Amino acid sequence: MSMDEPVSARLADVALPVPLPRALSYLVPEKLGESVTPGRRVLCTLGSRRVVGVVVGVREGEPPPAAKPLLEVLDGISLPNDLVVFLQRLASYYLAPIGEVVRLALPPADREAERAVEELTLFSNAKGIAPRKVQWVTATDAVETSLKEKASHILAFVRAHGSLPVSRLEEQFGAARATVKKLVERGLLTMSEREAQRDPFFAETIAQDSPPEPTEPQRAAMLAIERALEATVESEKESDKGPDSKRAGSTFLLHGVTGSGKTEVYLRAIATAKKLGKGTIMLVPEIALTPQLVNRFRARFGDEVAVLHSALTARERFDMWKRLSAGEVDVAIGARSALFAPIRNLGLVIVDEEHDSSFKQEEGVRYHARDMSILRAHMHGGVCVLGSATPSLETEQLARSGKAQKLALPDRARAQEMPKVSIVDLRNIGAGPTGDRKLSILLHRAIEETLAKKEQSILFLNRRGFAPSVRCESCGELSSCPQCTVALTFHKKYGRATEADEIGPNGIMRCHWCDYEAKVPPRCPKCSSDRVALEGLGTEKLEATLAEAFPTARIARLDRDVASGKDVEKILARVRSREVDILVGTQMVTKGHDLPHVTLVGVINADAALSIPDFRASERAFQLLVQVAGRAGRGDSPGRVLVQTYNPEHHAIQFAVRHDVHGFIDRELRDRRELMYPPFSRMALARIDSLDEGEAQNAAAELAKAAREVARTGELGSLDVLGPAVAPIAKVRNRFRFRVMLRSASRERLRLGALAMHGAIARLPRTVRVAIDVDPVGLL
DNA sequence: AGCACGCCGACT
DNA sequence: GTCGGCGTGCTC
């Protein structure tokens, strides 16, 4: 040791709730000593303020000149070590401020609220808010004799559910109290009082179920995952170097069509993980987090499942967090943010419907929960299972490059045939008797036939009336931006377009990205027809048209306007109990669970999804079409799907139609990518052009150059935008600030990205934050 | 994100 | 003369 060696001190690196690129180092006072560990919450001085931060590291070293001592270590929650490491990796991957990333993982309660919560937990046993009591009914073993129709329906319903709250019966049957009372008197039901559960997912008691016999492909998939899980435990034993040692995990793409039994594979994988003493995180798309799905898990695993959903109060969330980190519960199910669940001994991360866009956080810290799931699982040497019927290009690419193993469930589990998909070319097929072009003669007839067979139809339509596009109804030509290859949207010169809007003399078309403007041409530039019309309007009208055309049919509508939250389930329940003949709806009809009597699916306008101004539009359109199609024919009939379109030859539609029994796209990814995405540099230009002319020119040049560089490296899985590409980060004195973040397959950060990494970003006159995520796990 | 510091306009 | 505008930069 030399004499001039600087003084060494005990330092804690603290992530603070401010957008600083890195953690700040504080001196650890002697008296706090051992209690300062990674994950702990600490109180510290920041400028003239006092803030609560999270320790991400403790070390001996030379203190920075300005180092201040930590003030206090806070009791209560502490992030598990592995989670802290994960958060640091995430922050570095997305170039996001560590403090904001750490905040994602903390239970949502500020310090005061948290104190209050803890006090409540401590003192509420004796006195607190008494839980509300509700009446429950349970069926007895008694055998009924001659019951009225309603009574026997109610009794059957109760028997089917085991026991349930009376309010549930009222929901189902209307005024049910009197009938219930009679049934109780006759000894067929018993009544009991239970504490009200605020949590909608725990409203019913669930009978335990046992796993059904798997199909052959299911068995193979289960076995592969099981082996991988066992391997993680093996390697753990061997290396035994603690959580920091780099153990490779495995990633699976579970590619299964709708109804092929992916959930059963998940259930089995979770059971295996449990058996091996490993915990599981399962991510599902926001809308898929329904009581039905959750009940299926609870039926298998009982209450040892933490459901992290948006309806939880801060208190409930906090309790759940505690139970998870204490290891009392080893399975967490939730939307995107469940990625940060403090599961002990994590061994398995499942992402259901992995292609779903809700896994990508678009605000604040922009992260992709699917990509980070792989990272999180791998950091534990664990297993990540990505399930989808229509995998994202990113995931396909992982499978093709051998970074993920593909497990295929090619058939529907219950020996049902795949539906027959056919295209209705709207350029040639005219309107049906209603005269409405949205209801072609072929679709009209198909609905008639389905009604005659007393089966159900779903009519799917994309609702995007707020920004309609302009299409020629004769040749199908869509007006799109000459530079950006995205659909132009129609605007009335003043105000927005509405249902009643006609194109009129004031109609203009505008590009969402570059603000290119043009007047709506009176005649189609391609075929000179005068049938130029607005697309994406008239959705409400469709319901009315249908009601007129099929006066005896019972029609229901399902979209965000009509149904919010619980109503969705109600409407679907009505469909399930065959109270509805025709269901008209948006995306929402795609999700949720079985509708067994639907044999016809009509896609009113497949092109609406294609004309969304987003470079991913055609990939989404494809996924959407496959998903809607999956709703058809789950009974004894295979079902049929009619896809109305002006673009029958469009690759997204072709792919969807040919998405046959095996559900595979028999094309090289390269072809698919080239077909589905606009060329790279054009994309980059289009996005940046919308910022500001001069600035954008320079930035566009930079990004285009970088994009070409990425393209040159090959291995092009995807291109993603993880930052405010359209909206700049800040506008300072009329100058836009944006930030570029680029990644290539070879893990190198490209020029601007590197600058951002080294903190030079502040000095760049412009920074576009665009992530080109060629390989989502390139960092592994 | 806050917060202080700093250098230019209308006010008790 | 100074109160205050927010633009700029720093926070261990």
Side-chain angles (χ1 to χ4, degrees), chain A residues 5-33 35-74 79 84 87-88 90-92 94-114 337 340 361-367 691-692 695 722-724 727-739 741 755-767 769:
Chain A
E5 177 159 325
V7 224
S8 186
R10 197 164 178 71
L11 298 171
D13 296 322
V14 183
L16 296 160
V18 287
L20 287 166
R22 44 172 227 96
L24 298 183
S25 305
Y26 285 83
L27 296 162
V28 180
E30 201 69 41
K31 58 178 176 180
L32 296 180
S35 62
V36 180
T37 52
R40 268 258 115 83
R41 285 155 56 93
V42 287
L43 187 65
C44 33
T45 329
L46 179 68
S48 56
R49 302 174 283 161
R50 301 166 116 217
V51 290
V52 177
V54 173
V55 178
V56 294
V58 182
R59 64 199 166 89
E60 293 290 332
E62 184 196 345
K68 289 176 192 165
L70 288 179
L71 300 174
E72 215 181 304
V73 177
L74 303 174
L79 297 182
V84 173
L87 294 168
Q88 285 175 292
L90 188 148
S92 111
Y94 291 114
L95 310 173
I98 181 68
E100 289 181 8
V101 173
V102 165
R103 196 155 48 178
L104 291 174
L106 289 169
D110 59 41
R111 204 165 146 252
E112 277 77 25
E114 200 181 294
S337 60
F340 304 106
Q361 173 129 75
E362 303 265 21
E363 293 178 331
V365 179
R366 287 163 191 258
Y367 64 94
L691 296 179
D692 165 298
E695 297 289 314
L722 286 149
I729 290 169
K731 192 175 173 181
V732 181
R733 252 193 283 131
N734 250 356
R735 288 174 66 202
F736 292 98
R737 256 198 204 174
F738 35 108
R739 186 185 301 165
M741 183 175 110
L755 288 170
M757 278 301 285
H758 294 110
I761 201 74
R763 261 160 275 134
L764 280 178
R766 68 193 104 78
T767 42
R769 195 167 148 189

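All chains are named by letter (A, B, ...) in the order of the sequence lines, taking the proteins before the strands, and each is independently numbered beginning at 1. Bear in mind the structure is a predicted one, so any value in this text is a computation, not a measurement.
- Inter-residue side-chain proximity for A:V42 and A:L32 is flagged as unmet; no heavy-atom pair is nearer than 4.5 Å.
- Computed from coordinates, the A:L24 CG to C:dC10 P distance equals 14 Å when rounded to whole Å.
- When rounded to the nearest whole Å, the span between CG of A:L46 and P of B:dA4 equals 12 Å.
- The CG-C1' distance, from A:L16 to C:dC10, rounds to 13 Å in whole Å.
- You'll find that the side chain of A:R49 is closest to C:dT11, out of C:dC12, C:dT11, B:dA4.
- Nucleotide C:dC12 holds its P atom 15 Å from the CZ atom of A:R59, rounded to whole Å.
- For the ring pair (Phe, Tyr, Trp, His ring centres under 6.0 Å) test, residues two or more places apart in sequence or in another chain that qualify with A:F340 are A:Y367.
- For the side-chain hydrogen bond (donor to acceptor under 3.5 Å, both in side chains) test with A:S25, the passing option among A:R59, A:E62, A:K68 is A:R59; the others fail.
- Within the nucleic acid shown, A:R103 has no heavy atom closer than 4.0 Å to any nucleic acid atom.
- A:S25 comes within contact range of at least one nucleobase, with a heavy-atom separation under 4.0 Å.
- Atom CG of A:D13 and atom C1' of C:dC12 are 9 Å apart (whole Å).
- A:Y26 places no side-chain N or O within donor-acceptor distance of the main-chain N or O of A:L71, the cut-off being under 3.5 Å.
- For the pair A:L20 CG and C:dC10 C1', the computed distance is 9 Å after rounding to whole Å.
- Rounded to an integer number of Å, the gap from A:R50 CZ to B:dG2 P is 17 Å.
- Rounded to whole angstrom, the span from the NZ atom of A:K68 across to the P atom of C:dT11 amounts to 9 Å.
- Comparing B:dA4, C:dC12, B:dA1 by their nearest atom to the side chain of A:V18 picks out B:dA1.
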